[in-house]
Amino acid sequence: MISPERFHRNQGIYLLGVLFFIPFILGVLLPDDWWGTHFTAFLPGPWKYIVLLAGVILLSLPFFPKLPRLTVKDRLQQALSLVVITLLSITAGICFYQFPIVADYYGNARSFQPLLGDPVSELPPDFYRELFSFAFEPGNGRRGVFQVYTFIAYAFNLNYGEVFRWAGAVFGGAFLSVWLYAVRSWLSNRIWQLALCLAGVGAPFLWIFFGHIDTYAPLYFILLVWLLLFTSQLKSRNPLMLVVLTLLLVFGIRFHTLMYLLTPAWLLAVLMTYFPKAKLVGRWSSLRGVWLWIFLPFTLAGLYGYFFVLKDYNDPRVLDHFRDIDRLFLPIISPDPPYDRYNLQSWNHIFDFFNIMLLWSPTALFLVAVILTAYRKHLSNPPALNIMLLTMAMISSVLFVFNPLLSMPMDWDLFVFPAPILLVILLLLAQQVDHQPVSKRILLSCGGLALMALPVFAVNSLLKPLSYRMESVGIRVYKTYYAHAGAYLLYALQLIPDDPGLYLERKQQLIRKLEPWALPDNDQKYASLLTDNGIYQFKYLEAYGPARQSFERSLYYFPGDPGTLYYLLQTQELLLDYPAAYVSAVQLVSHNFPDRDRALRTAILYALEAGYYEQADGYCQAYLEDHDDPMIEAVRQRLMHDPDPEDVEMLTTLLRSVDR
């Protein structure tokens with residue numbers, strides 16, 4: 001019979017599972033805001049209801065006392081045999097290879113996309129310099145991994161696209177293999193083993209980044225291996241393993257600048273290996289010591305750099321013509337609208353970071369919460385756990401103040417960096433309660449949460465769901481981070497090219513949906529949607545009246561945009577509204593668009609069409625100041641003698657023929 005204390009503890013555990021599942025329900029109900037859990041909302045047909053219902057059922061089953069007894073037989077211990085782990089890892093690798101992100105626009109995938117079909121017939125001249133550069137600057141690690149990919153493409157006669165896919169498959173399968181093997185080796189309780197397996201297999205970040213066109217696949221594998229070897233090293237104090245840790249750390253640092261933040265842990269490992277009985281080392285590796293002697297100085301140094309070196313606390317957040325180092329961290333002081341929506345202390349940023357945490361591993365977060373609440377009396381603070389918590393805090397705090405240059409929903413590949421650390425922290429905690437009784441029904445809660453990783457994989461593998469997901473992300477970015485939102489929305493809409501009617505319908509719905517957040521006179525992103533809508537109406541539907549309205553609305557939100565003015569002028573001409581076309585032409589002259597000569601000739605043309613002969617003469621004079629043009633001189637001579645309608649028609653025909 002279960003004791004009342006144990007019964008209430010189990011009920012609390014199951015309620016925690018429900019609590020962690022609520023964001024997935026909100027992701028279906030409010031997909032534009034809960035972008036870290038909204039993948040289920042975009043599954044095709046009834047699948048979103050099936051998956052969501054399956055998760056709810058699994059989370060609900062533990063609350064039914066008359067449920068048939070859940071048995072975990074001894075043969076499940078053998079389910080984590082090396083053969084099974086190998087087969088699971090190979091299967092995962094095949095999935096990563098066969099089902100990459102079908103239209104990858106995340107992170108640096110946009111810059112890699114044009115290169116994917118390129119073979120490498122020779123190594124670039126700066127290959128070795130780039131490969132062995134340890135410059136402490138943003139992007140250096142990415143360039144290092146790319147040089148490795150370049151060498152692989154060169155050596156095996158592959159194009160970059162194949163190298164990216166093979167890297168995701170190999171390192172993705174290896175990541176899963178290492179995690180499952182660590183769980184099997186470090187834990188003996190079958191329930192905890194299976195729960196932690198679900199935490200790894202059901203981690204959404206695992207099913208995103210290994211099919212992603214970027215350089216993180218080898219990095220995250222190295223990170224997991226390093227963390228696991230580090231914890232083993234603290235137990236064994238083996239100098240040879242310390243050498244391996246050092247070499248892996250060097251590789252890791254070359255592949256990403258954030259890996260520098262592992263050096264405090266490495267230094268402590270060195271001190272604990274060679275000075276195991278030193279009181280100072282013991283003090284530094286205690287829970288209080290890592291916060292007081294390492295994290296606090298790290299924080300103070302970071303604040304000094306933030307306020308006095310980079311001075312990012314007061315930054316305009318404008319992302320045109322800048323270096324990464326110029327916009328490294330988010331500001332505290334709000335810049336001018338519309339960039340004031342997303343700053344270090346803003347709710348939008350805090351909520352985005354919460355969303356990204358749900359991409360790490362909700363199952364792992366749930367199990368950590370379970371152990372910290374239900375088993376807190378059985379926990380201690382060994383050095384490995386203390387140092388791992390320190391590492392997690394350092395990296396997470398840096399990422400929290402970091403400026404996601406493409407917005408956090410699009411830069412998720414960087415911000416899931418703490419996920420492998422979270423898994424290792426969970427493993428260290430589970431080791432401490434490995435011999436404590438645990439309800440087998442906890443596996444139902446873990447299964448319900450792990451199930452929600454499948455929509456992540458499915459949506460990124462299917463074009464139409466991904467298109468709608470990207471649209472939702474674009475809406476979120478427009479309302480919060482603002483920068484790049486227009487590009488994301490247009491990209492999302494263009495992912496389904498064979499249905500022009502659907503494209504127009506979605507575009508117009510989007511324009512209506514975003515209008516309450518649009519800023520008159522200062523909203524380039526919203527204006528770009530209106531301009532694109534007008535171009536579509538103008539070119540493909542030949543609906544010149546609606547197109548003109550779209551262009552005029554666009555200029556209301558972003559006045560003076562020369563590209564929009566140019567299209568507006570064309571619609572005004574086709575609608576024979578020459579006075580309005582002349583006004584647009586005058587504005588194009590002020591922008592010298594598309595160049596000064598054509599702008600002046602356009603102004604002359606529409607001044608003639610509108611009957612503004614004096615203004616036409618003025619633009620002729622301006623043109624002749626720069627050029628000795630017989631045609632424009634002839635136009636000016638005709639204007640001096642009060643031209644009749646036939647003369648005007650002849651002059652306008654002549655001008656149009658020149659600009660064709």
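Remember, predicted model here, so these are calculated numbers, not experimental data. All residue numbers refer to positions in the sequence shown, counting from 1.
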Query raised in the report: Do D32 and Y478 get their side chains close enough for a donor-acceptor pair, meaning under 3.5 Å?
Result: no
Query raised in the report: Do you see a donor-acceptor pair shorter than 3.5 Å between the side chains of K507 and Y503?
Result: yes
**Report entry** Worked verdict on D352 versus R476 for salt bridge (Lys or Arg N to Asp or Glu O under 4.0 Å)
**Finding:** CA-CA 10 Å; D352 268 359; R476 168 70 183 174; 2.9 Å; yes
Quick one: closest heavy-atom pair of [X] and [Y], and the distance?
{"X": "A453", "Y": "W207", "answer": "CB-CD1, 4.0 Å"}
{"X": "K539", "Y": "Y567", "answer": "NZ-OH, 3.6 Å"}
{"X": "R548", "Y": "A580", "answer": "NH2-CB, 3.7 Å"}
{"X": "A217", "Y": "Y149", "answer": "CB-OH, 4.5 Å"}
{"X": "D411", "Y": "L405", "answer": "OD2-N, 3.2 Å"}
{"X": "Q345", "Y": "S334", "answer": "NE2-OG, 4.3 Å"}

Report summary line: Here the side-chain hydrogen bond (donor to acceptor under 3.5 Å, both in side chains) pairs for residues 578-593, sequence neighbours left out, are Q572-S584
Report summary line: side-chain hydrogen bond (donor to acceptor under 3.5 Å, both in side chains) pairs touching residues 618-630, sequence neighbours excluded, are R596-D626, D597-H627, R601-Y623, D617-Q621
To the nearest 0.5 Å, tell me how far [X] [atom1] sits from [Y] [atom2].
{"X": "L514", "Y": "Y557", "atom1": "CG", "atom2": "OH", "value": "10.5 Å"}
{"X": "F551", "Y": "L530", "atom1": "CZ", "atom2": "CG", "value": "10.0 Å"}
{"X": "M408", "Y": "H349", "atom1": "CE", "atom2": "NE2", "value": "5.0 Å"}
{"X": "Q147", "Y": "T215", "atom1": "CD", "atom2": "OG1", "value": "11.5 Å"}
{"X": "N403", "Y": "R317", "atom1": "CG", "atom2": "CZ", "value": "6.0 Å"}
{"X": "D521", "Y": "F558", "atom1": "CG", "atom2": "CZ", "value": "10.5 Å"}

Requested in this report: On the 0 to 90° scale, with breaks at 30° and 60°, tag the H212-W412 ring pair as parallel, tilted or perpendicular.
Outcome: tilted
Report task. Using atom types as modelled and distance alone, determine if a side-chain donor or acceptor of N343 lies under 3.5 Å from a backbone N or O of D340. Result -> yes
Report summary line: Residue set satisfying salt bridge (charged side-chain N to carboxylate O under 4.0 Å, His left out) with D498, at least two apart, ordered chain then number -> none
Requested in this report: Applying salt bridge (Lys or Arg N to Asp or Glu O under 4.0 Å), run through K513 and E471 and close with a yes or a no.
Outcome: CA-CA 12 Å; K513 189 172 186 177; E471 179 183 333; over 6 Å; no
Report task. Test side-chain hydrogen bond (donor to acceptor under 3.5 Å, both in side chains) on Y482 and S407 and set out the steps. Result -> CA-CA 8 Å; Y482 188 74; S407 77; over 6 Å; no
Query raised in the report: Is M410 close to V473 at the side-chain level, that is, under 4.5 Å between some pair of heavy atoms?
Result: yes
Report summary line: Only residue of F351, W35, Y342, Y339 satisfying ring-ring contact (aromatic ring centres under 6.0 Å, His included) with Y481 is Y342
Query raised in the report: Ring centroid separation for F353 and F400, is it under 6.0 angstrom?
Result: yes
